[in-house]
Each structure stands twice: as structure tokens, then as C-alpha cells.
Amino acid sequence: MEQVNSLGRTAVEEIVQKEFPEFLEKEEKKEEHRLPDLRNVRGSVVMRLAPSPSGPLHLGHTRMSILNDEYVKRYGGELILRLEDTNPANIDPEAYEMIPEDLNNIGVKIHRIIIQSERMEIYYAEARNLIAKGHAYVCFCAAEELRKLKLQSLACPHRDTDPEKSLKLFDDMISGAFKPGAATLVIQTDLFHPNPSLRDWIAFRISPAKHPRTGERYYAFPMMNFSVAVDDHKLGLTHVLRGKDQLNNTDRQRFIFQYNGWTLPEYYHYGMIALPGEKLKTSIIRKGIREGKYTGWDDVRLNTVRALLRRGYQPETFRRYWIESGLREIDASFSWDIFNSMNREVIDGTSKRLFFVKDPISVIVRSGPGTAVRIPFHPEHKDLGFRELQMGEDPGIYIQAEDWNNLNDGATVRLKDLYNVSRSGEGLVYQVDQEFNPKTTKIIHWLPRGSNEFSVMKPDGSIDTGRIEKSIELVEGISQFERYGYVKLQKDKKSALFLHR
RNA sequence: GCUCCGUUAGUGUAGUCAGGCCAAGCAUAAGGGACUCUCAAUCCCUCGACUCGGGUCCAAAUCCCGAACGGAGCACCA
């Protein structure tokens with residue numbers, strides 16, 4: 001093995017090519033992760049994304065977005081963005097714009113946008129339809145009361161109201177005859193259903209909050225289980241991808257399909273993904289932004305799509321990650337290690353290298369020749385160009401405090417791409433004719449005195465300060481600061497956002 | 001407590017529907033090495049898993065039963 005290794009890569013490849021061509025072929029067949037086929041696809045598919053417009057999309061949303069997009073692209077058909085704004089109390093008017101933007105930015109193609117608050121008459125009509133068939137009734141029980149009865153499989157006093165009267169009561173309800181909380185429309189299912197959460201469930205409730213889009217036009221709003229079932233059918237969905245947390249809801253919605261004789265879409269319930277770190281609820285972030293704790297929805301500390309894109313994560317990375325995660329029903333935790341590694345793979349080849357000296361200390365190099373060095377922006381992609389570090393007359397340089405502290409008196413270190421120096425007291429001394437051996441001499445990066453001040457904002461909220469090469473003027477976008485990590489440069493060229501190592 | 005779902009290495013997954021080619025593949029992490037004037041990238045090697053117990057079968061990660069563990073739901077939220 002050692003012998004083989006000592007040959008170097010090209011030599012080994014040549015030998016393998018000559019002697020064992022079949023190995024190389026096998027190598028190329030390396031399979032990409034592929035999503036499983038969907039059941040019962042007839043020609044094309046119709047699928048949907050159904051976020052509630054309570055804020056912009058976050059990391060968790062990208063999974064369903066990418067998966068749906070992938071399948072629609074595979075089979076052809078339509079991807080519908082359905083904004084579920086039937087709870088006026090939980091709507092951010094700006095989200096109607098932010099969500100399509102976020103989707104577009106991660107490369108998800110939306111064919112049609114549906115807004116539920118524009119479809120209220122449809123829901124009312126379907127509700128009347130079910131009431132008339134005796135599948136729903138207007139209930140005046142208190143929330144607690146109804147819950148208690150259901151747990152005991154007992155009917156509430158309003159369950160037997162005849163359809164005629166229920167229809168009248170429903171019209172009263174939506175036109176504002178009852179106080180908030182006083183009346184609901186309940187779907188009749190089976191009081192003896194073994195799963196208590198499937199017994200008679202609420203389809204409409206009164207919501208007095210002013211709706212950002214419909215104002216005070218509507219007084220009673222459908223619950224998601226009702227509007228989702230109606231829309232999934234009316235929009236002709238063939239396949240529905242949703243989280244496991246929706247399993248009970250799927251079962252509830254089946255009743256609507258069954259009562260109407262509608263054909264069910266194919267449902268898939270993928271497992272929950274635990275996002276590491278504190279789970280920040282949209283409402284908490286919004287509050288934080290208002291109070292100035294966060295700079296906005298794209299604050300580097302947040303896991304919103306806009307924050308992650310701003311830091312330099314690539315649309316391709318989201319896609320690869322979620323395709324690899326697939327549709328499994330197992331709960332898993334999100335792995336930043338793997339996510340970052342995928343992103344690194346996407347960006348490395350085009351990320352220009354720069355020296356960023358964190359916590360710089362200024363030291364003098366005695367008897368060093370004033371000189372300039374020319375370094376490629378990328379060690380393997382010389383076509384990305386070169387940058388220059390100019391020592392000039394000033395014998396002073398910056399190195400990282402950490403590197404200085406690790407350097408014993410008399411010890412030698414390599415100033416990358418320059419020359420060797422050794423520590424002598426509080427300064428460095430140029431080492432003439434010192435042969436450089438990377439195996440024994442540690443390499444550190446450095447900057448000529450006079451380099452620009454710079455700071456890096458990190459996702460944990462901390463800030464690294466230091467100095468950056470003047471040639472940052474020639475670089476934009478994502479850069480790799482050597483021995484530090486990948487960052488996204490800001491337009492001002494005075495700061496960057498930390499991406500990952 | 002009730003209902004439903006799941007359980008492959010530290011992490012993410014392939015394989016499970018149609019049992020044998022799985023003494024379990026890939027990625028990532030970790031350790032070692034090659035290369036390299038970055039602690040990056042690239043390349044090589046190593047480490048490491050079918051939750052447990054029964055059953056069916058010539059043969060089980062794969063089918064059946066049970067247990068344990070984990071998760072989701074049990075809202076006039078979505």
C-alpha cells in the first residue's frame with residue numbers, strides 16, 4: 001500500500017487504467033441519491049406547498065418545498081403555492097410577498113398561487129353542502145365541554161339538530177349573529193372512533209380579528225382541516241407530501257372526501273426533522289426584530305431562508321440535502337456537518353482565498369528583505385487570478401495573536417508564501433537560506449502592516465475583528481479566509497458574514 | 001392516559017413493498033497517511049450499525065407476534 005501511495009495519484013490512475021479498466025467504469029456508475037417514485041402517477045402530477053403566511057420561510061420549510069419541486073419536475077405537472085391564511089390572528093401581510101421570493105431564491109418553481117382567504121365562498125358552499133347532507137352541525141358548547149363529551153363518546157345536545165335548522169344557524173353564524181367562541185360548525189364523524197382526536201371535529205369558528213386581506217368581510221373562518229380538504233380536492237391534487245405531525249389531520253380530512261365521494265390524493269408523511277439549537281418561533285423572531293434584537297428576517301443568527309442565503313448557502317445545497325433525506329417516516333435531526341460539507345463542495349472551486357488575520361498583533365521582522373509576493377486566489381484554479389502582498393519599507397507585519405502565543409522563543413515558523421522567521425524576544429528574525437520543509441515548519445498567514453481593518457459576524461452573534469488583505473477590493477461574494485473558514489463578503493468590503501469552516 | 005407512526009454505525013442515508021447476489025453500500029464526522037507553502041480542497045486507509053426477544057422458513061435487516069425505546073397528535077393554530 002505504501003508503495004502504491006508513494007507513486008502519486010496520476011501514476012496510480014495510469015496504471016489502473018492500463019491494467020484494470022473495469023475498476024474505473026465501476027467508479028463512474030456511482031449512484032446519486034434519488035427520491036423514490038411516487039405511487040399511482042398517471043401522466044403528470046399536481047402538488048402543493050401550503051405554508052401559512054405568518055412570516056418568511058425557514059430552513060424547515062425548505063424540505064417540503066424542494067421535495068415537491070423535485071417530483072413536479074420529474075413527472076411534469078403543476079406545483080401550487082397555497083397560502084393558508086384562514087387564521088387572521090396569525091398573519092404577517094409581508095409574508096405574501098416573502099414566501100414566493102424565498103421559494104424562487106432556492107430554485108423552486110411555482111406554477112400557481114392560491115390564497116385561501118379569497119376562497120371563503122367556496123368553503124361556505126361546501127359547508128352548507130355537508131350540513132344539508134347531515135354531516136355537520138352548528139354547536140354552541142363551550143370548548144371544554146365539547147372536548148369532555150367527546151372523550152366519553154357522548155353526543156352534545158346540538159348534534160341532532162336537523163339539517164334545515166343547522167343551515168339557518170350556520171348562516172347566522174357567518175353573518176355575525178353569535179359572539180366569538182359562542183358557536184362552531186362541527187363535522188360529524190364517529191363518536192366511538194378509537195382515536196379521540198378524530199371524533200366530531202371543528203370545521204369553522206368565529207374569528208373577530210381583522211384579516212389583513214379581507215378586512216371585516218368575513219366573521220367565521222374555516223379551520224385548516226376543512227379548507228385543506230376542500231382545496232386539495234378542488235385543485236385536483238394527485239399527491240400530498242406532508243409531515244408526520246399531520247397524520248391525524250389527514251385522517252380527519254378523509255371524512256370530507258368520503259362524505260363527498262371525492263377521490264383521495266396519495267398521501268406521504270415524512271418524519272420530523274429536529275433543528276438543532278433553540279427553536280425560534282416566527283412570532284418570537286418578529287418580536288425580536290421589532291425590538292431591535294435582530295437586524296431583520298435575514299439576521300445571521302436566524303435559520304430563515306433569507307438569512308442562510310445571505311450568509312452564502314447555495315440553493316443547490318438545500319436541494320442535495322433534502323433529496324438525500326428523502327421521504328422516510330423516521331424522525332431525524334438536521335446535520336449541519338453534512339449540510340455544510342455539501343455547501344463546501346458547491347462553493348470551494350470558485351471561492352477566492354484571502355488572508356484574514358484575526359486578533360492581529362503587530363510585530364517587526366528584523367533584517368527581512370522588503371519584498372512583494374504574488375499568490376493565486378485559489379491554489380488549484382489559477383484562472384481565478386492572483387493577488388499581491390506588498391511588504392515595502394515597513395518591516396512590520398500582522399500575525400494572529402494565537403499564532404504568536406504558540407510560538408516559543410527561538411522557534412521557526414513559515415510566513416505563508418513569504419519566508420521563514422524565528423521568534424526572538426518580542427520580534428521576528430528573518431531566516432536566510434532556510435530551506436522550507438512543510439512537514440516540520442508550521443505555516444501561518446500574515447499581513448503587511450497597513451492592511452485594512454475587517455470584521456466577521458458569526459451566527460452565534462459574536463464578531464471576529466482583524467485585518468484583511470487590500471486585494472479584497474478585487475473579490476466579491478464568497479471567499480475562503482485561509483485557516484479560518486468560508487465567509488460571504490459584504491459590499492462595503494469592511495465586513496463579512498461567517499458561513500462555515 | 002388514548003390514537004397513530006417509526007427504530008440500519010456519532011450523524012444523514014441505501015437496502016425492507018416482491019426473503020437468498022447484505023459476513024450490509026454511500027456520505028459526513030473521527031483517527032491515520034499521501035499531496036499541498038491554508039487547520040481548505042483532492043486522494044488512500046482505518047474505525048463504526050441491522051433496538052431486543054420469540055416465531056415462520058432450507059434461508060430474515062427484509063415476513064409475523066411481543067417488548068423496549070423514540071416521535072407526532074389528542075387546540076374554536078397551521
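The chains referred to below are lettered A, B, ... by the order of the sequence lines, with proteins before strands, and numbering in each begins at 1.
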Look at all strands and tell whether [X] reaches a base, only sugar-phosphate, or nothing, counting heavy atoms closer than 4.0 Å.
X        : answer
A:Ala332 : sugar-phosphate
A:Gln246 : base
A:Thr86  : sugar-phosphate
A:Cys141 : base
A:Asn87  : sugar-phosphate
A:Arg501 : sugar-phosphate
A:Ser333 : sugar-phosphate
A:Ser341 : sugar-phosphate
A:Tyr484 : nothing
A:Lys179 : nothing
A:Gln480 : base
A:Asn249 : base

- Task: Measure up the A:Trp322 and A:Phe334 rings against each other and bin them: parallel (under 30°), tilted (30 to 60°), perpendicular (over 60°).
- Result: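 Judged by the thresholds at 30° and 60°, the geometry between A:Trp322 and A:Phe334 is tilted.
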
Side chain of [X] only, heavy atoms from C-beta on: which candidate in [options] is closest?
X        : options                : value
A:Glu329 : B:rG6, B:rU13, B:rA41  : B:rG6
A:Pro196 : B:rG12, B:rU3, B:rC4   : B:rU3
A:Met223 : B:rC37, B:rU11, B:rA75 : B:rA75
A:Pro194 : B:rU3, B:rU11, B:rC77  : B:rU3
A:Ile338 : B:rG12, B:rG71, B:rA78 : B:rG12
A:Asn195 : B:rA29, B:rU38, B:rU3  : B:rU3
A:Ser335 : B:rA41, B:rU11, B:rC37 : B:rU11
A:Arg252 : B:rC76, B:rG71, B:rC74 : B:rC74
A:Pro379 : B:rU38, B:rC76, B:rA78 : B:rU38
A:Ile443 : B:rC39, B:rC37, B:rA40 : B:rC37

Between [N] and [M], how many Å separate the two [atom1] atoms, rounded to a whole number?
N      : M      : atom1 : result
B:rG1  : B:rG48 : C1'   : 40 Å
B:rC35 : B:rC43 : C1'   : 8 Å
B:rC50 : B:rA34 : C1'   : 34 Å
B:rA59 : B:rA78 : C1'   : 49 Å
B:rC17 : B:rG6  : P     : 14 Å
B:rU13 : B:rU7  : P     : 11 Å
B:rA72 : B:rG31 : P     : 33 Å
B:rU11 : B:rA29 : P     : 15 Å

- Any N/O donor-acceptor pair, A:Arg353 side-chain to B:rA40 base, under 3.5 Å: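 A donor-acceptor contact between them is present.
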
In terms of side-chain heavy atoms, does [X] have a donor or acceptor partner in [Y] at a distance below 3.5 Å?
X        : Y        : value
A:Asn40  : A:Glu266 : yes
A:Asn405 : A:Glu402 : no
A:Arg63  : A:Ser325 : no

Rounding to an integer number of Å, can you tell me how far [X] [atom1] sits from [N] [atom2]?
X        : N      : atom1 : atom2 : value
A:Phe204 : B:rC77 : CZ    : C1'   : 16 Å
A:Tyr219 : B:rC76 : OH    : P     : 17 Å
A:Phe334 : B:rG71 : CZ    : P     : 20 Å
A:Glu380 : B:rC37 : CD    : P     : 11 Å

- Query: If you find the nucleotide of RNA chain B closest to A:Met272 and the one closest to A:Met342, which residue's nucleotide is nearer the 5' end?
  - Reply: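 With A:Met272 and A:Met342 compared, the 5'-side residue is A:Met342.
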
- 5'-most contact on RNA chain B: A:Pro180 or A:Arg344, nearest heavy atom basis?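 Looking at RNA chain B, the more 5' nearest nucleotide goes with A:Arg344.
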
- Distance below 4.0 Å between A:Arg328 side-chain N/O and B:rA14 OP1 or OP2: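 It does, given that an N or O in the side chain of A:Arg328 lies less than 4.0 Å from OP1 or OP2 of B:rA14.
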
- Could you tell me whether the phosphate oxygens of B:rC39, OP1 or OP2, come under 4.0 Å of any side-chain nitrogen or oxygen in A:Lys442?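 False: A:Lys442 side-chain N/O out of range (4.0 Å or more) of B:rC39 OP1/OP2.
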
- Item | Residue pairs passing the ring pair (Phe, Tyr, Trp, His ring centres under 6.0 Å) test where at least one lies in residues 186-211 of chain A, sequence neighbours excluded |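 Applying ring pair (Phe, Tyr, Trp, His ring centres under 6.0 Å) to every pair that reaches into residues 186-211 of chain A, excluding sequence neighbours, yields A:Tyr124-A:Phe204, A:Phe170-A:Phe204, A:Phe204-A:Phe226, A:His211-A:Phe221.
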
- Query: Looking at A:Tyr313, A:Tyr484, A:Tyr486, which one forms a ring-ring contact (aromatic ring centres under 6.0 Å, His included) with A:Phe498?
  - Reply: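 Only match with A:Phe498 under ring-ring contact (aromatic ring centres under 6.0 Å, His included): A:Tyr484.
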
- Given the side-chain rings of A:Phe481 and A:Phe454, with only the six-membered ring counted for Trp, is the space between their centroids under 6.0 Å?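 Centroid separation for A:Phe481 and A:Phe454: below 6.0 Å.
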
- Within the distance-only criterion (no hydrogens, no angle test), does the side chain of A:Ser451 pair as donor or acceptor with the backbone N or O of A:Leu447 below 3.5 angstrom?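 Pair absent, no side-chain N/O of A:Ser451 close to backbone of A:Leu447.
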
- Kindly say whether A:Pro376 contributes a backbone atom to a donor-acceptor pair with the side chain of A:Arg387 at under 3.5 angstrom?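 Here the side-chain-to-backbone pair exists.
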
- Query: RNA chain B in dot-bracket, Watson-Crick or G-U pairs under 3.5 Å, [ ] crossing, | other strand?
  - Reply: (((((((..((((......[....)))).(((((.......)))))....(((((..]....))))))))))))....

- Does some side-chain heavy atom of A:Val228 sit less than 4.5 Å from a side-chain heavy atom of A:Gln253?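 Counting from C-beta outward, A:Gln253 and A:Val228 do come under 4.5 Å.
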
- Evaluate salt bridge (charged side-chain N to carboxylate O under 4.0 Å, His left out) for A:Glu84 paired with A:Arg82, printing each intermediate quantity in order. CA-CA 6 Å; A:Glu84 309 209 322; A:Arg82 188 173 69 212; 2.9 Å; yes

